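A quick write-up on the structure given underneath.
None of these values were measured; they are calculated from a predicted model.
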Amino acid sequence: MRNLINIMDLSAEEIDELIKLANDIIKSPDRYNEACRHKILATLFFEPSTRTRLSFESAMLSLGGSVLGFSEANSSSAAKGESVADTIEVVSGYADIIAMRHPKEGAPIVASSHTSVPIINAGDGGHFHPTQTLTDLMTIYHEKGGFENLTIGLCGDLKFGRTVHSLIGAMSRYKGVKFVLISPEELKLPSFVKQEYIKDKGIEYSQCTSLEDVIGDLDILYMTRVQRERFFNEEDYLRLKDSYILTADKLKSAGESLSILHPLPRVNEISTEIDNDPRACYFRQAHFGRYIRMALIMKLLEVSA
Ligand code: CP
């Protein structure tokens with residue numbers, strides 16, 4: 001049995017295999033529509049979600065399986081004080097695989113020690129979000145044809161943005177990758193990510209506060225939302241929330257081959273005026289989430305078409 005807690009739980013070769021499988025699912029969906037017959041996915045979401053939960057559910061239904069779960073902690077017995085450990089022990093008797101999102105960093109690791117069914121981390125606090133990274137990698141693969149020799153700008157809330165932490169880990173394994181870290185001083189990348197995935201690996205990187213100064217150097221621009229739910233006070237959030245707004249005017253300095261990604265939801269950080277620009281990939285990116293999650297479910301349940 002395998003869990004997916006951190007994107008680094010998957011080797012680069014396994015990620016290639018998942019992308020290949022997801023591409024085959026897109027090409028021949030009918031081959032896979034019974035792959036998970038009689039299997040049940042539980043989606044336990046202690047925090048809000050649109051894409052992750054619904055794409056997991058769509059993925060399992062498209063594989064011929066079934067889904068159950070809850071979409072907020074208040075509609076589960078967590079509201080009565082039940083622990084994650086007890087919740088997982090119980091749900092393990094109802095499902096074959098569990099995708100969980102929780103506001104506490106490390107909650108999926110606790111969960112994985114209380115069950116023998118695969119646990120998928122669907123986002124744990126400001127820590128990691130490995131299945132978003134699979135979605136991001138599939139998008140990069142489709143846009144760029146591979147992962148090497150890319151200059152990747154990560155812009156916005158690099159402190160609390162769990163998708164950023166997981167993407168940096170994943171991309172740190174490829175040759176010739178450079179990171180450009182663009183954030184306000186207060187929302188800089190945490191040292192645990194910078195040290196382990198950038199400095200210890202000798203990867204070239206730079207840090208700055210101005211998107212305009214660097215946009216012309218980038219192959220990929222990964223925009224992120226300022227994560228209101230992780231702030232200790234509203235005043236700080238209001239001061240920082242509009243630090244970066246990507247507009248058509250700012251895009252004039254970018255290269256024609258730039259790919260703009262965003263894990264979504266967006267609030268204000270990308271103007272809707274660029275949604276139809278061919279460089280805007282974020283809705284295609286969200287749609288890839290369904291197929292790469294189908295591939296992941298199949299891998300963790302060890303089923304084939
Ligand atoms: N990208 C992402 O995790 O979106 P949701 O919060 O809607 O799941």
Side-chain angles (χ1 to χ4, degrees), residues 7 12 132-133 135-191 193-226 240-264 266 268-285 288:
I7 192 66
Q132 178 62 46
T133 302
T135 305
D136 302 340
L137 293 174
M138 185 158 175
T139 310
I140 293 170
Y141 182 84
H142 274 254
E143 293 298 317
K144 303 295 184 196
F147 303 117
E148 294 185 353
N149 302 314
L150 294 172
T151 299
I152 304 166
L154 300 117
C155 178
D157 185 349
L158 308 190
K159 179 179 180 184
F160 297 117
R162 57 194 175 196
T163 65
V164 167
H165 307 162
S166 291
L167 182 60
I168 288 176
M171 290 304 298
S172 71
R173 295 194 281 211
Y174 300 102
K175 268 197 291 193
V177 163
K178 294 180 201 163
F179 295 117
V180 181
L181 308 173
I182 310 149
S183 73
E185 201 56 34
E186 289 122 303
L187 297 178
K188 278 162 78 174
L189 192 71
S191 53
V193 180
K194 199 200 275 186
Q195 191 65 45
E196 183 172 353
Y197 299 134
I198 302 180
K199 288 187 168 175
D200 288 355
K201 295 185 170 203
I203 292 175
E204 202 177 312
Y205 77 100
S206 60
Q207 282 182 290
C208 63
T209 54
S210 164
L211 174 58
E212 288 91 324
D213 285 355
V214 295
I215 197 166
D217 304 332
L218 306 177
D219 298 305
I220 291 169
L221 172 58
Y222 194 89
M223 292 295 294
T224 61
R225 172 180 69 93
V226 174
L240 293 167
K241 73 183 174 72
D242 290 331
S243 298
Y244 302 98
I245 302 176
L246 184 62
T247 58
D249 194 45
K250 285 185 192 148
L251 257 189
K252 284 181 188 153
S253 323
E256 280 309 305
S257 63
L258 177 73
S259 299
I260 304 160
L261 276 68
H262 190 311
L264 304 180
R266 101 177 121 186
N268 205 25
E269 57 280 356
I270 299 182
S271 165
T272 54
E273 68 189 0
I274 68 164
D275 287 356
N276 292 325
D277 188 300
R279 294 169 287 187
C281 303
Y282 30 92
F283 291 117
R284 295 196 287 281
Q285 182 184 356
F288 283 136

Going by the rule ring pair (Phe, Tyr, Trp, His ring centres under 6.0 Å), which residues pair with His165 if we only count those two or more places apart in sequence or in a different chain?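 Per chain and number, His165 pairs via ring pair (Phe, Tyr, Trp, His ring centres under 6.0 Å) with Phe192.
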
Ring pair (Phe, Tyr, Trp, His ring centres under 6.0 Å) involving Phe147 - partner list, sequence neighbours excluded: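 Tyr174.
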
On a heavy-atom basis, which atom in [X] and which in [Y] lie closest, and how many Å separate them?
| X | Y | value |
| --- | --- | --- |
| Leu258 | Ala254 | CD2-CB, 3.7 Å |
| Pro278 | Arg284 | O-NH2, 3.3 Å |
| Ile140 | Gly146 | CG2-O, 3.8 Å |

Are [X] and [Y] packed together at the side-chain level, in the sense that at least one heavy-atom pair is separated by less than 4.5 angstrom?
| X | Y | value |
| --- | --- | --- |
| Ile168 | Leu181 | yes |
| Lys194 | Lys199 | yes |
| Phe179 | Val164 | no |
| Ile182 | Ile215 | no |
| Leu221 | Met223 | yes |
| Ile260 | Ile270 | yes |

Step by step, would you call Asn149 with Asp219 a side-chain contact (heavy atoms from CB on, under 4.5 Å)? CA-CA 9 Å; Asn149 302 314; Asp219 298 305; over 6 Å; no

Inter-residue atom distance [X].[atom1] - [Y].[atom2], 0.5 Å rounding:
| X | Y | atom1 | atom2 | result |
| --- | --- | --- | --- | --- |
| Leu167 | Tyr197 | CG | OH | 12.0 Å |
| Glu143 | Ser257 | CD | OG | 10.5 Å |
| Ser172 | Ile152 | OG | CD1 | 10.0 Å |
| Thr151 | Lys178 | OG1 | NZ | 4.5 Å |
| Leu218 | Leu154 | CG | CG | 9.0 Å |
| Ile203 | Ile198 | CD1 | CD1 | 6.5 Å |

Count the heavy atoms of every other residue, nucleotide or ligand shown that sit under 6.0 Å from CG of Asp200, and state whether that count exceeds 12.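 Yes, the 6.0 Å shell around CG holds more than 12 heavy atoms from other groups.
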
Are more than 12 heavy atoms, taken from residues, nucleotides or ligands other than Glu204, located less than 6.0 Å from that residue's CD atom?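 Not buried by this count: 12 neighbours or fewer within 6.0 Å.
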
Side-chain polar contacts of residues 244-251 - donor-acceptor pairs under 3.5 angstrom, sequence neighbours left out - could you list them?
unit_1: Tyr244; atom_1: OH; unit_2: Ser183; atom_2: N; d: 3.4
unit_1: Tyr244; atom_1: OH; unit_2: Ser183; atom_2: O; d: 3.3
unit_1: Tyr244; atom_1: OH; unit_2: Thr209; atom_2: O; d: 2.7
unit_1: Thr247; atom_1: OG1; unit_2: Lys250; atom_2: N; d: 3.2
unit_1: Asp249; atom_1: OD1; unit_2: Lys252; atom_2: NZ; d: 3.2
unit_1: Lys250; atom_1: NZ; unit_2: Ile245; atom_2: O; d: 2.7

With [X] via salt bridge (charged side-chain N to carboxylate O under 4.0 Å, His left out) - residues at least two apart:
| X | answer |
| --- | --- |
| Glu269 | none |
| Glu273 | none |
| Asp275 | Arg266 |

Between [X] and [Y], is there a donor-acceptor pair closer than 3.5 Å when you use the side chain of the first and the backbone of the second?
| X | Y | value |
| --- | --- | --- |
| Thr224 | Asp157 | yes |
| Lys188 | Gln207 | no |
| Arg225 | Pro263 | no |
| Ser166 | Thr163 | no |

Just one of Met138, Gln132, His142 clears the side chain to side chain contact (heavy atoms under 4.5 Å, CB included) bar with Gln285, so which one?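 Of all the options given, the one that passes is Gln132.
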
Per the side chain to side chain contact (heavy atoms under 4.5 Å, CB included) rule, which among Ser253, Ser243, Cys155 passes with Leu211?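 The residue from Ser253, Ser243, Cys155 that satisfies side chain to side chain contact (heavy atoms under 4.5 Å, CB included) with Leu211 turns out to be Cys155.
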
